[in-house]
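What follows is a single structure, written as structure tokens, with notes after it.
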Amino acid sequence: QLQLVESGGGLVQPGESLRLSCTGSASILNYYAIGWFRQAPGKGREGVSCISSNRGGTNYADSVKGRFTIIRDATKNTVYLQMNSLKPEDTAVYYCTAEPYLNCLREGWDDQNSYGMDYWGKGTLVTVSS
């Protein structure tokens with residue numbers, strides 16, 4: 001069964017950058033769409049970005065467009081979330097999830113219910129504070 005592990009979180013100052021990694025336990029990860037979600041204290045889980053399988057499209061929440069980039073490295077079974085120009089409101093636990101037939105360019109990519117319950121990582125904490 002595919003397992004996902006997030007890493008790369010930490011404490012940074014506003015304006016700085018972080019790169020999160022979502023690594024899968026098997027190469028089949030490359031056949032899945034990968035979504036990044038985040039959950040701030042006291043708030044619901046929010047879709048941040050998505051990358052389809054097979055060199056498919058990418059999508060981003062309006063709040064991160066132009067600052068975040070999602071990248072897949074198939075040789076490493078890893079999807080990265082490059083986060084630049086971080087803001088305090090980006091503070092959250094970031095999760096990655098996988099779904100085999102999801103089209104990230106279609107409506108619903110940012111809804112956690114579009115992803116199965118089986119493939120969620122445990123999250124990595126990002127704190128943006130001066």
Note to self: More than 12 heavy atoms of other residues, nucleotides or ligands under 6.0 Å from CD of E107: yes or no?
What the structure shows: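 Counting other residues, nucleotides and ligands, CD of E107 stays at 12 neighbours or fewer.
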
Notebook entry, point to check: Counting heavy atoms not belonging to Q3, are there more than 12 under 6.0 Å from its CD?
Noted result: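 Open: at most 12 neighbouring heavy atoms sit under 6.0 Å from CD of Q3.
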
Side chain of [X], backbone of [Y]: donor and acceptor closer than 3.5 Å?
X: Q13; Y: S129; value: no
X: R67; Y: S85; value: yes
X: E6; Y: C96; value: yes
X: S53; Y: Y32; value: no
X: N30; Y: A74; value: yes
X: R72; Y: S52; value: yes

Under a 4.5 Å cut-off applied to non-hydrogen side-chain atoms, are [X] and [Y] in contact?
X: S7; Y: T124; value: no
X: S21; Y: K76; value: no
X: T97; Y: F37; value: yes
X: C22; Y: W36; value: yes

Note to self: Test side chain to side chain contact (heavy atoms under 4.5 Å, CB included) on L4 and T23; report intermediate values, then the result.
What the structure shows: CA-CA 6 Å; L4 303 176; T23 301; over 6 Å; no

When rounded to the nearest 0.5 angstrom, what distance separates [atom1] in [X] from [atom2] in [Y]?
X: Y94; Y: L20; atom1: OH; atom2: CG; result: 7.5 Å
X: S49; Y: Q82; atom1: OG; atom2: CD; result: 12.0 Å
X: R19; Y: Y80; atom1: CZ; atom2: OH; result: 4.5 Å
X: I71; Y: T69; atom1: CD1; atom2: OG1; result: 6.0 Å
X: L86; Y: T91; atom1: CG; atom2: OG1; result: 8.5 Å
X: L18; Y: L11; atom1: CG; atom2: CG; result: 9.0 Å

Notebook entry, point to check: Just checking, any donor-acceptor pair under 3.5 angstrom between side chains of D73 and T78?
Noted result: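 Looking only at side-chain atoms, T78 and D73 do not form any donor-acceptor pair under 3.5 Å.
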
Shortest non-hydrogen contact between [X] and [Y], atoms and distance:
X: C104; Y: G57; result: CB-O, 3.8 Å
X: T127; Y: L125; result: OG1-CG, 3.7 Å
X: C50; Y: W109; result: CB-CE3, 3.4 Å

Check: Is any NZ, NE, NH1 or NH2 atom of the basic residue among D90 and K87 found under 4.0 Å from an Asp or Glu carboxylate oxygen of the other?
Finding: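 Salt bridge: no.
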
Next item on the list: Run the numbers on M83 and S17 for side chain to side chain contact (heavy atoms under 4.5 Å, CB included), then give the verdict.
Entry: CA-CA 5 Å; M83 306 188 298; S17 299; over 6 Å; no

Next item on the list: For the pair L102 and S114, evaluate side chain to side chain contact (heavy atoms under 4.5 Å, CB included) and give the outcome as yes or no after the intermediate values.
Entry: CA-CA 8 Å; L102 186 74; S114 297; 4.1 Å; yes

Check: In this structure, which one of D110, I70, L81, N59 forms a side chain to side chain contact (heavy atoms under 4.5 Å, CB included) with V48?
Finding: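 When D110, I70, L81, N59 are each tested with V48, the side chain to side chain contact (heavy atoms under 4.5 Å, CB included) holds only for L81.
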
Note to self: Quick check: Y60 with F68 (ring centres under 6.0 Å apart)?
What the structure shows: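 Centroid separation for F68 and Y60: 6.0 Å or greater.
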
Next item on the list: Say whether V93 and I34 are linked into one hydrophobic cluster, either directly or through other cluster members, by side-chain heavy-atom distances under 4.5 angstrom.
Entry: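 V93 does not cluster with I34.
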
Next item on the list: Would you verify whether the NZ or CZ of R38 falls within 45 degrees of the ring axis of Y95 while also being under 6.0 Å from that six-membered ring's centre?
Entry: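 No, a cation-pi geometry is absent between R38 and Y95.
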
